[in-house]
Amino acid sequence: MNAKVHPLTRPLILEASSRFVPKPFKVYTQRDLDQIAPLAKLPAEQRFEMKVVSSVLPFRVNQYVIDELIDWSRVPDDPIFQLTFPQRGMLAPEHYERVAALLADGADKTAVEAAVAAVRHELNPHPADQMEMNMPRDEHGNRLEGMQHKYRETVLFFPSQGQTCHSYCSFCFRWAQFVGDKELKIASSEAGTLHAYLRAHPEVTDVLFTGGDPMVMKTRHLREYLEPLLAPEFEHVRTIRIGTKALSFWPFRFLGAEDAEELMMLLERLVAGGKHVALMAHYNHWKELETGPAQAAVKRVRATGAVIRGQGPLIAHINDDPAVWARLWQTQVRLGIVPYYMFVERDTGARNYFEVPLVRAWEIYRDAMQRVSGLGRTARGPSMSASPGKVEIQGVTEVAGEKVFVLRFIQGRNPDWVQRPFFAKYDEQATWLNHLKPAFGDEKWFWEDEYAAMRDDS
Ligand SMILES: *Cc1c(COP(=O)(O)O)cnc(C)c1O
Ligand code: SF4
């Protein structure tokens, strides 16, 4: 090992890790709902509703989230309860009734499974043509599973061992990956495939490991993917990003649990080898950052030289309030996390329950921005990860007497689209890009023909 560690980082790491004795990782799924102690105090009806919803949508929560993050005196309104526990409104009434009727009648397993499969089929697991349009190909034209290459600089990689999370977010659009439907899965087990692709694509500067949560992986697996990137042939890959919610859902991953020490050394080696290493940390609420372990984990990761950037979606019932975002960004800045993105929630099965109109999303973003200093204003958004690109709502204004949304691409399938303002007719109800119409009587978006041609080619 050739780790060059700055002399100051060692004592910090030791200090942070010695204060927390890791707890064993204990997790509950749909089958274990009855064993979650604080749930016993809820009305039977509400527990039945959870059972119905979690038959369809993935449910998984660990003891740390239950004990440290949820304020049970505020259930069901507690934001972390909403973030992790199933709620009746997450299913359309018709879907809910179909499954509830079977469960209430004690229908046999096959009947329930068939109904559940049918409901899942009617939900939309892969928004934005994710399956079709972004799957890169090798030099023989074969599709490479487990990868997406949508924006020139950045390749997304889904390590197959990272297709789960320490707890599941109730709104998560990745649910198709968790419910074991083979056909719907986007995953890869091949470090070799990734490395070959990166070798062949010198235009790629960033690789983003995502999931699920790659931090559920053993460090030695992560190392197989990451360490080879230090070789001179991958010099063009300057940035290694790892998307994770483990800093929130299981901070002990960084504090002595399992192979935490090896993970810290791996991050240090990547940094020492000249890479920019960024944990793209998913946070929805400042409460996730208030616990001792959460703050110690942040400190410890930062001591490796890796940067933590905070991002997360705006979700009704969880964080649709400017005060929550302002405090989240302020807390992040205080802990040395760089606020990065506020996302608009994309099309998921449970979307109606969680969705926030675009105009409201923009108001929340604006009001939160106005409450923080410049260091908190590095978060861009509200941003929709739509098929043509990441589209940011810059604001609502009036141009030549017409009320409009001002939009811009933060990322585009064609880099030329990025940073060009464009306009949509104001629409109070719209919750996604496809609900919007071009303003000023235009027939089409400026990017529409080009995008259609890309679609036809894929
Ligand atoms: C967001 C995203 C990226 C990264 O975009 P940045 O603006 O560089 O953070 C890359 N690929 C896909 C598919 C994305 O959605
Ligand atoms: S941590 Fe991310 S991938 Fe995992 S359930 Fe939450 S949103 Fe989905």
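Quick caveat: nothing in here was measured; it's all calculated off a predicted structure. Read the numbers this way: they start at 1 and go in the same order the structure lists the ligands and their atoms. We number each residue from 1, following the sequence as shown.
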On the 0 to 90° scale, with breaks at 30° and 60°, tag the Phe422-Phe409 ring pair as parallel, tilted or perpendicular.
->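 Aromatic pair Phe422/Phe409 classed parallel.
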
Before signing off on this row, confirm whether Tyr341 and ligand 1 have an N or O atom pair separated by under 3.5 Å.
->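 For ligand 1, there is an N or O atom that lies under 3.5 Å from one belonging to Tyr341.
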
Give yes if a backbone or side-chain nitrogen or oxygen of Arg241 is under 3.5 Å from a nitrogen or oxygen of ligand 1, and no if not.
->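 N/O-N/O distance under 3.5 Å: yes.
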
May I ask you to list the atoms of ligand 2 that are less than 4.0 angstrom from any heavy atom of Lys245?
->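 In order of numbering, the contacting atoms are 1 (S).
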
Can you list the residues that meet the side-chain contact (heavy atoms from CB on, under 4.5 Å) rule with Leu103, with sequence neighbours excluded?
->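 For Leu103 the side-chain contact (heavy atoms from CB on, under 4.5 Å) partners, ignoring immediate neighbours, are Phe48, Val52, Ser55, Val99, Val112.
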
Select one of side chain, backbone, both or neither to describe which atoms of Cys165 lie under 4.0 Å from any atom of ligand 2, heavy atoms only.
->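 Near ligand 2, Cys165 shows its side chain, while the N, CA, C and O stay back.
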
Looking at ligand 2, does Gly212 have a heavy atom less than 4.0 Å from it?
->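 Judged by the 4.0 Å heavy-atom criterion, Gly212 does count as contacting ligand 2.
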
May I ask you to check whether Ser54 and Arg31 show a side-chain donor-acceptor distance below 3.5 Å?
->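 Checked: Ser54/Arg31 side chains show no N/O donor-acceptor pair below 3.5 Å.
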
Does a donor on one side chain and an acceptor on the other come within less than 3.5 Å for His149 and Tyr197?
->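 Yes.
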
With heavy atoms only and a cut-off of under 4.0 Å, state how Leu156 meets ligand 1: side chain, backbone, both or neither.
->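 Only the side chain of Leu156 comes within reach of ligand 1.
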
For ligand 1, is any non-hydrogen atom under 4.0 Å from His149's backbone (N, CA, C, O), its side chain (CB onward), both, or neither?
->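 For His149, there is no contact with ligand 1 at all, from either part.
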
So between Lys390, Gln411, Met280, Lys150, whose heavy atom ends up nearest atom 14 (C) of ligand 1?
->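 Nearest option to atom 14 (C) of ligand 1, by heavy atoms: Lys390.
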
Polar side-chain atom of Arg377 near backbone of Met369 as donor-acceptor pair, under 3.5 Å |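 Side chain of Arg377 to backbone of Met369, a donor-acceptor pair under 3.5 Å: yes, one is there.
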
Are any N, O or S atoms from His282 nearer to atom 6 (Fe) of ligand 2 than 2.8 Å?
->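 So His282 does not bind atom 6 (Fe) of ligand 2 by this criterion.
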
Under 6.0 Å between ring centres, would you say that holds for Phe157 and Tyr225?
->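 Ring-ring flag for Phe157/Tyr225: true, centres closer than 6.0 Å.
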
Side-chain heavy-atom pair Thr210, Arg241 within 4.5 angstrom cut-off |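 Of all side-chain heavy-atom pairs linking Arg241 with Thr210, none is under 4.5 Å.
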
